[in-house]
Amino acid sequence: MTSNTPYSPPPLVVLTPFARKYGITPTRAHFNAMLNPAYPTFQKSLYTPILPLPPCAGGGEKDRAEKTLRLQRYWLKGLTTQALIEFDFVSERKMKMASLKNPVHPFFARWRWKAVLPGQLQYPLIDGNGVTRGNWDLEQNDLAWQIMLPSIKLASMVLSHLHTHPWLDTLLLGKEEPLDPNRFPAPNLSQRSISTAQSHSVIKIRGPGPNNAKECAAAFEDLQRWPALRDLQFGMVSCDKGPLGEKNHNGRLVNGFATWLISTFGNRTAIYIAYERVALLLRNDISDSDRLCLQLLTANTLVHEAMHAIGIAKRHRDQVRAGGEDKYPLQNEPYLEDEIANITSLGKVMSELGCSMDEAPMLSSFPALVFPPLPKTDVYRPIQVEYYEGVQQDDFWDFTIRNFSHFRPGEILRNGNLINLISTRERDATTSWEVVQNMPDYQKAIAHPNKSTLILSRILSMTPADRMAYAIAKKQRVMHENYVNLVQLRIKQTEGIWDQVEMLTRGDTQNGRLSVAQGLSNLLRAIEEVLGTVTNMLISLGQFDVSSETYISGKTDAQGFNRGLRHLLKDISIASGGPTVGHMANTLSNIVENTRVLLTVSPTLPYGISQEDDMILAQQDEADCVQRIEDARVLLEAGDHVTANTMCEQVSRSMSSTLLTKCAARILMCHSDRKDYNIRLNVVSRTIETLQKAPPPEGREAEQMRVLDLALQLQARLTTGDQAQGPSGVFLASPNTRYFQVTLPLPGQSRQQLPTPTSNATPLSPRPRPPPHTDSLKHHRIKSADSVQAAIRRRGLPNCDMQQKKIHGSMRCATDERCDVMWCGTVTDLRTNGVPRFWDDGCWLLVEVTLVEKGTSST
């Protein structure tokens, strides 16, 4: 908009102030004739403000005014010169000059500003009076240095704080990934390009950790010691030429550029700044706001090109350290996350300072990626002169806050009122710029155009406490993901173990010309491998808070897995028949026993629960698996295939369930017609063979025969082509023979106060009622009616009324058997009346439950 050489009018012609500053533009004859007709009193510039015309104005004057306003809106992105003045985007008032007192950053040190190439063109420095004052050699010419110094100081201030900005943090420490070739555009033979998808990478934004700023500062200091950046030099060029006078490609005009120098002094980076815009600062007719704006724009160019130089030096260092050549890096500038042009990434640093007035910069780099698609709208946000003034004052920079988020230009105000002023245009049709008038369109226009911009904006707005909370949450997420991955690995290994168990059971090892001993050895090695996974799981679990749900459920899961593994090792030890396999099984059993102690140790149980109690809990684990199959059967018959199949899959993959229970779960899944027919038939056939050859668990012969009979019936139906679901039948136990008796310790009571269990009867078969004081299954801590009801539901009939179950309580003192109080009631009574008043910390309760269904009772 400005010209370095003031316009010289003909004699006796009066120029408007804007014509004196900007010249009579445009220069095309048609527009000049319109703006400045023959023999005018005043010669006007295109940018001369158009004031409201009086009612008596002639038609020609109105026509010229309207056409001039249209031209101004075209060149000024939807605004007029008068609007720029009214909203304080342009001002002639007196303003405070730049007064930053910070030192010059070593990156911009004066000794670096020299002619960096032999034969480089030198451009004369002409002051505001037209007097030549040497050349634009900042190292030797004091006037040139003083003119540039305010911009250099502002750029130094930015660079000194830049380690707090997530963009530099990402550039130096972000993870780089190969660019998806599908995002790269097809080659255009009409354009010169040596860029390929392989020569670019995609850099990922680092998460906002509490130590990011320190790590980034250290990385930046380290990079500045690398020769390519340590020996950086600056020079001045013309906006249309290179340092040796060669014309820019396609006649482009640039404000500066960063490049690579090859010399006898070593390979290094160099930055060139166009002198033309800086020379405007020497004019005598510019306002204070003009000067402050030019200084800010020059600082913007300095920081922008510094980012290019930093990127070149980093890629060069990475190339050399990887064994590559000491020359210009083969890799081009990376793209940031989902951005489509790498140049927009560099603009982010100074756009946060308001130096880039384009909120969504128009693409100027090559090539722009194919996807994500370009933003549909170009957005322009003007900046009021107050910001130009403030950012170049010491009190603007709060050294106690190392965060760029508060350095953005403030809201646009007029007479103290907020003004929603922003210009937009549609990119596809290249429409004219229009000023947004209403809030919905304004909010839509300023929305972040892509993911990377949104992420950077969020990081910039985070406080130190936010960063710490994010780091903790990220650590917990990684811990949880690691634990889940270990659980999935253990499930896979467990499935492999039980596959080998079935092979041994069916005698497949002999058919494969392997002995049983070899099969057992392979099985033990698989168990040894899963024990390693269990160890890693416990280490991972130890990183969680002991009160967290993950820790509590994970520890319970580990205890159940360990109990099932111990039972399996016991069977292997019995079946081994040889010293080698038996010794290995015993070694692994000792590891399992140590794990049991580790998982159950507590201040009240320094040696963990007893092995006898652990065996009782193992029986309860099996009973729970059986109950899940019964619950899944009810769900399957009700049509809930997804939940039923999920429950059966969990049982079949569990280490806690016996082979019989796993087979029952598989047969029940095969009753679902949502499974593939061939898979159903193959699973049923394999399960039948396993049930026919596997010895049943002690006392459960009838149950295994029942499951086998149901499997044979299902196989017959599937073989004849009947793929319908059909009834599944009762699998493992009759609902009218369900019985359990539980000892419930009171709150605050330790496990050591409870009676020693004396019965090892299986809970899955009908049996006579055990004598009083017998802890036959599991110890439950009762805190409310809900805990009693939940304990009943896990073992009761699915269709019985939970609220009407009778609970018979016998309260006995753990230290004095003479204390004996009887209590009887229902869950409803317990919920209504609360816990009986005589329960205290020194007592425990023996609970019996009577289940009632269709007139048939079972105790």
Side-chain angles (χ1 to χ4, degrees), residues 1 70-81 83-84 86-90 165-167 205 255 293 296-297 300-301 303-304 335-366 368-369 371-388 391 404-414 418-461:
M1 195 165 78
R70 223 170 20 241
L71 284 171
Q72 288 182 1
R73 291 189 184 100
Y74 176 80
W75 290 107
L76 300 177
K77 295 184 170 63
L79 298 170
T80 65
T81 304
L84 294 178
E86 289 180 1
F87 290 105
D88 209 28
F89 302 130
V90 174
H165 198 291
W167 190 87
I205 299 174
N255 293 315
C293 179
L296 181 61
L297 291 173
N300 178 20
T301 301
V303 175
H304 181 97
Y335 293 86
L336 179 65
E337 292 279 355
D338 62 336
E339 291 197 346
I340 54 179
N342 47 20
I343 195 69
T344 60
S345 304
L346 296 167
K348 288 187 183 304
V349 174
M350 290 304 285
S351 69
E352 296 300 335
L353 285 171
C355 300
S356 171
M357 291 186 287
D358 293 313
E359 292 285 338
M362 288 163 284
L363 301 177
S364 59
S365 68
F366 184 82
L369 300 182
F371 64 87
L374 289 168
K376 295 182 179 181
T377 306
D378 285 327
V379 181
Y380 176 84
R381 186 239 195 239
I383 300 173
Q384 292 176 302
V385 296
E386 182 182 24
Y387 181 81
Y388 304 144
V391 76
F404 269 80
S405 61
H406 70 295
F407 295 154
R408 291 183 63 86
E411 298 173 322
I412 299 174
L413 301 176
R414 183 183 185 187
L418 176 64
I419 303 297
N420 299 321
L421 189 62
I422 198 167
S423 300
T424 66
R425 71 174 178 181
E426 296 301 315
R427 181 185 294 272
D428 295 338
T430 317
T431 56
S432 300
W433 288 95
E434 293 183 0
V435 177
V436 175
Q437 298 293 333
N438 57 74
M439 180 57 73
D441 290 342
Y442 178 81
Q443 294 295 339
K444 180 180 178 181
I446 65 174
H448 296 296
N450 50 35
K451 182 181 71 173
S452 62
T453 306
L454 179 61
I455 295 174
L456 289 175
S457 178
R458 287 179 175 175
I459 294 177
L460 282 168
S461 64

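Owing to the predicted nature of the structure, the values given are computational and were not obtained by experimental measurement. Index from 1, following the sequence.
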Novice: So, taking the atom named OG in S432 and the one named CZ in R70, what distance separates them when rounded to the nearest 0.5 Å?
Specialist: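 Nearest 0.5 Å value for the OG-CZ distance: 10.5 Å.
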Novice: Does I412 offer a backbone N or O that forms a donor-acceptor pair with the side chain of Q384 under 3.5 Å?
Specialist: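 Looks like no, no N/O pair under 3.5 Å.
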Novice: Could you state the interatomic distance from CH2 (W433) to CD (E426), rounded to the nearest 0.5 Å?
Specialist: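 It is 10.5 Å, given to the nearest 0.5 Å.
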Novice: Go through it in stages, so that I can follow the logic: the residues are L76 and T80, the test is side-chain contact (heavy atoms from CB on, under 4.5 Å), and I'd like the CA-CA distance, side-chain angles, deciding distance and then a yes or no.
Specialist: CA-CA 7 Å; L76 300 177; T80 65; 5.7 Å; no
Novice: How many angstroms lie between OG1 in T424 and CG in D378, if you round to the nearest 0.5 Å?
Specialist: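 Interatomic distance, T424 OG1 to D378 CG, rounded to 0.5 Å: 9.0 Å.
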Novice: Show the nearest heavy-atom pair for residues S452 and I205, with the distance to one decimal.
Specialist: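 Result for this residue pair: O-CD1, 3.8 Å.
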Novice: Take atom CD in E386; do more than 12 heavy atoms of anything else shown fall under 6.0 Å from it?
Specialist: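 12 or below, so no.
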Novice: Of all the heavy-atom pairs spanning V385 and F89, show the shortest one and how long it is.
Specialist: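 Shortest heavy-atom separation between V385 and F89 comes out as CG1-O, 3.4 Å.
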Novice: To the nearest 0.5 Å, tell me how far L296 CG sits from I383 CD1.
Specialist: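 If I round to the nearest 0.5 Å, the distance is 7.0 Å.
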Novice: Keeping Q72 on the side-chain end and T81 on the backbone end, is there a donor-acceptor pair under 3.5 Å?
Specialist: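 It does hold such a pair.
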Novice: Between CD1 of I455 and CG of L460, what distance do you get to the nearest 0.5 Å?
Specialist: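 Separation between the atoms: 12.0 Å.
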Novice: Are L421 and L79 close enough, and set up right, to give a side-chain contact (heavy atoms from CB on, under 4.5 Å), and what steps lead you there?
Specialist: CA-CA 10 Å; L421 189 62; L79 298 170; 4.2 Å; yes
Novice: Could you give the distance from OH (Y388) to SG (C293), rounded to the nearest 0.5 Å?
Specialist: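 Atom-to-atom, Y388:OH and C293:SG are 4.0 Å apart.
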Novice: Is there a side-chain contact (heavy atoms from CB on, under 4.5 Å) between N255 and N300 once you walk through the steps?
Specialist: CA-CA 10 Å; N255 293 315; N300 178 20; over 6 Å; no
